[in-house]
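Model, not experiment: these values are computed from the prediction. Whatever order the structure lists ligands and atoms in, that order sets their numbers, starting from 1.
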Amino acid sequence: MIFSYFWTVRARATAGWSLGLLSLLVNQPAWAAFITPTRSSQGMVASAHPLASQAGLEVLKQGGNAADAAVATAFALSVVEPFSAGLGGGGFLLVRWQKTGETKALDFRERAPLQATRNLYLDPAGKVRPGASLDGHLAVGVPGTVAGLSDLHRQSGKLSWAQVIAPAIRYAEQGFVVSDRLAAVITARTALLKNPAARQIFTQNGIPYSAGALLVQTDLAKTLKQIAQAPQSFYTGPIAQAIARDMAQNNGIVSLEDLRRYRPIWREPLCGPFRQAQVCSMPPPSSGGVHLLQILNLIGDADLKSMGWHSPDALQLMASAMQIAYADRATYLGDPAFVKVPVAALISPAYAQLRRPEINLQQARPSNQVKAADPVLLQKLQRSESSDTTHLTVVDPERNVVSLTFTINGPFGAGVVAAGTGILLNNEMDDFAIAPDTPNLYGLVGQDANAIAPGKTPLSSMTPFIVTKQGQFRLAGGSPGGSTIITTSLQLILNVLVYDMDAGAAISAPRLHHQWVPDKLRLERWGFDLMTINELKRRGNPIEEQSDWGNASLIVGTPDGKLEGAADPRGEGTAAGF
Ligand code: GLY
């Protein structure tokens, strides 16, 4: 579940969040039983909400392709999973066209407003102002969702723009039934009560909507209709004006000029080989692809299968590789438009080969002994280069694929809705290193490479991935979960490619996570047997058992040409196929 330790970190950062209510979200371990995947032969959509998966499926059945279905699913998620992602946020996607074999990556992440400064969230004494990068209008980055989805559709969609937005408009206008999960997050996110527009939408006179109630979002339906007519209205038209006005009235700094300037960026995906397969994911300003490939390289040819699934040796290898990758993340990763990120070096097999000897399967190292790469070494290896969140995965009948992760960052973003629009605004500015070595919402630390600057994109961990084998689709997926996104994606890939699990087992399997700082090997509670945990402790691992995390979606191509899909049992999503 996205909430477990990120709420703990958040609670340290700001008082006043209703942590007790989160026990509602910590149920039985979702992976007590592995789920059975959905199977289909034509196409499939897997996402974090059944209505969103249905929206994508509806569009596929109308003859839409993977791009159409991804756009429909994303807009629908913005309505039915409002706390995780939406029009007021941003994200990343990969799209692969089977006919040409081409994979492209789209960055529609939020950008820092032009008025943002390096010390935006510090007081005059240089101390971090608690909660300033998380709650309220000042926490908001310039949203990219509408521009990103519109660009994808304009370039590749088969159906009309109005057709792919239609399901989302329907859900907003006619309402949908509030789930346990949504009700719990509304209750927990008390900042919503301080913002009149958010309070009006998500509570009934200050009482949070409860599970089973019908939630109608009239303003959002109106906004979606405007976008259906003209997506640019979000950036230069009446929606932009409403956002800028709301910002100006509430000490926010996103301006009309920021919105006017916003552009999504098509980027080359990062791809690398692993066990006869080709793994592609997102380049910076996400750290996802770099570290996914780096960890796979560090694992290299190690015979994980013979070691045994979740054996102490296999777990130690994965945890130690994660620790090295996250040490590099903190030092080197940032927006490539502002800092030189040594991507080629970090994902090179040569670099992994140099660092692999540091890994001792019998003895974990404390994180203060694990250093980021030596900059001189990285320079030598750098060949010249050609240069709270949700995930959805779509595969269409032609085996074109979209893997898309988007977010407004924390649950309900900044906790504010731009008055009159129904749009929840993100708190993505917290993904910058707001001060050196100051943990963000997910406990991640960073340095100059990820410092705030006007127009800069905050570093992300989002890791949408697409894996092919001999030119054919093999699997695609991704997850929310802040810092754990990279390691969740890694484990989905390993579970399928190395351990031959089906999509249901791969997504259900208990997870581990190490992010260098804090120096903890996190294990999903109840997912690992006591002997294994004791052995990992004996090897020096500072174990922390936590409630489950992530809310992945995954689609796997099977050898008979069919599809298997699954949505994470830790959440409430579904895979829907035909
Ligand atoms: N907001 C979480 C991430 O982008 O990594």
Side-chain angles (χ1 to χ4, degrees), residues 1-7 9-10 13 48 74 77 81 83-86 88-94 105-112 133-135 139-145 148 189 264-265 267 281-292 322 325-326 329-330 333-335 341 388-392 403-415 424-434 439-446 449-450 452 456-465 478-490 513 515-517 549-552:
M1 198 154 289
I2 50 177
F3 309 98
S4 46
Y5 73 86
F6 114 54
W7 284 91
V9 173
R10 181 64 179 72
L77 280 169
E81 225 207 6
F83 56 84
S84 70
F92 298 101
L93 66 85
L94 291 190
L106 182 61
D107 162 7
F108 55 100
R109 175 83 158 160
E110 300 89 333
R111 321 275 180 229
S133 62
L134 287 167
D135 296 335
V140 180
V142 186
T145 296
R189 190 63 167 111
I265 303 170
R267 299 182 183 276
S281 189
M282 204 60 217
S286 179
S287 61
V290 169
H291 300 305
L292 175 65
M322 291 172 188
Y326 278 82
R329 184 190 190 280
L333 270 285
D335 181 350
V341 185
D388 227 59
T389 313
T390 191
H391 183 84
L392 65 96
S403 180
L404 183 158
T405 314
F406 74 135
T407 188
I408 49 175
N409 198 27
F412 286 104
L424 269 160
L425 297 168
N426 69 83
N427 56 357
E428 219 69 61
M429 292 296 284
D430 186 67
D431 271 346
F432 280 114
I434 59 171
N440 74 357
L441 185 56
Y442 306 97
L444 288 166
V445 293
N450 190 31
I452 303 174
K456 191 173 175 183
T457 308
L459 183 61
S460 173
S461 300
M462 288 189 268
T463 316
F465 64 83
S479 181
S483 57
T484 63
I485 295 174
I486 301 168
T487 57
T488 296
S489 291
L490 170 81
H513 176 72
Q515 62 180 51
W516 182 58
V517 172
W549 61 78
N551 191 10

Using a strict 4.0 Å cut-off to heavy atoms of Ser461, name the atoms of ligand 1 that fall inside it.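 Those atoms are 3 (C), 4 (O), 5 (O).
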Check against salt bridge (charged side-chain N to carboxylate O under 4.0 Å, His left out), Arg109 and Asp431: CA-CA 11 Å; Arg109 175 83 158 160; Asp431 271 346; 2.8 Å; yes
Is the shortest distance from a Lys or Arg side-chain nitrogen in Lys456 or Asp335 to a carboxylate oxygen in the other one below 4.0 Å?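 Salt bridge: no.
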Is there side-chain contact between Leu404 and Pro464, with at least one heavy-atom pair below 4.5 Å?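 SC-SC contact between Leu404 and Pro464 ruled out.
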Would you call Ser281 and His291 a side-chain contact if the rule is heavy atoms closer than 4.5 Å?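 The answer is no, as the side chains (C-beta and beyond) never meet within the 4.5 Å cut-off.
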Atom 2 (C) of ligand 1 - nearest protein heavy atom and its distance: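 Looking at atom 2 (C) of ligand 1, the protein heavy atom closest to it is Asp431 OD2, 3.2 Å.
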What is the closest protein heavy atom to atom 4 (O) of ligand 1, and at what distance does it sit?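 Sorting protein heavy atoms by distance from atom 4 (O) of ligand 1 puts Ser460 OG, 2.7 Å first.
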Regarding ligand 1, does Arg109 bring an N or O atom to under 3.5 Å of one of the ligand's N or O atoms?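 It does: an N or O of Arg109 is found under 3.5 Å from an N or O of ligand 1.
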